[in-house]
Amino acid sequence: SQVTKNKAVVMSWKTSLLATTQVEYWSDNIIANYLSALHTYTPLDSSPYIFHRVQLSHNVSPHTQYHFIVHSKDTSGKEYISFEHTFTTN
């Protein structure tokens with residue numbers, strides 16, 4: 001993931017199967033959590049892709065560590081949830 005000049009985080013990844021895309025993210029920062037209602041979800045992209053790209057532009061604060069989980073469903077409807085990962089904004 002990377003932080004762009006307009007304070008958005010761009011995340012991209014590849015899956016082995018065609019799958020939908022949604023990212024859940026949150027911060028340990030109490031103020032950021034209050035502003036983002038604890039956990040924030042990106043809009044579900046229900047189109048199945050192998051290459052995924054999501055921009056997190058809402059409720060992303062500078063100099064803050066965030067945790068995230070990727071939620072996906074393959075074309076047969078099987079749901080996949082990634083391990084928790086982190087990123088830090090500039």
To the nearest 0.5 Å, what is the distance between [atom1] ([X]) and [atom2] ([Y])?
X	Y	atom1	atom2	value
K78	K73	NZ	NZ	13.0 Å
F68	W26	CZ	CH2	9.5 Å
H39	I69	NE2	CD1	7.5 Å
H63	N90	NE2	CG	7.5 Å

Exercise. Please work out whether the ring planes of H71 and Y41 are parallel, tilted or perpendicular, with thresholds of 30° and 60°.
Key: tilted

Do [X] and [Y] touch side chain to side chain, with heavy atoms closer than 4.5 Å?
X	Y	value
F87	L56	yes
Y25	T42	yes
Y66	S61	yes

Quiz item: Where do I50 and L18 land on the side-chain contact (heavy atoms from CB on, under 4.5 Å) test, with the steps shown first?
Solution: CA-CA 5 Å; I50 290 177; L18 290 170; 3.7 Å; yes

Provide the closest heavy-atom pair for [X] versus [Y] in the form atom of the first, atom of the second, distance.
X	Y	value
D74	S76	OD1-OG, 2.7 Å
T15	Y49	OG1-O, 3.5 Å
S27	Q65	OG-O, 3.4 Å
Q22	P43	NE2-C, 4.3 Å

Quiz prompt | Exam field: side chain S72 to backbone T20, donor-acceptor pair closer than 3.5 Å | solution = yes

Quiz item: For Y80 and V70, what are the C-alpha separation, side-chain angles and deciding distance, and is it a side-chain contact (heavy atoms from CB on, under 4.5 Å)?
Solution: CA-CA 8 Å; Y80 298 88; V70 174; over 6 Å; no

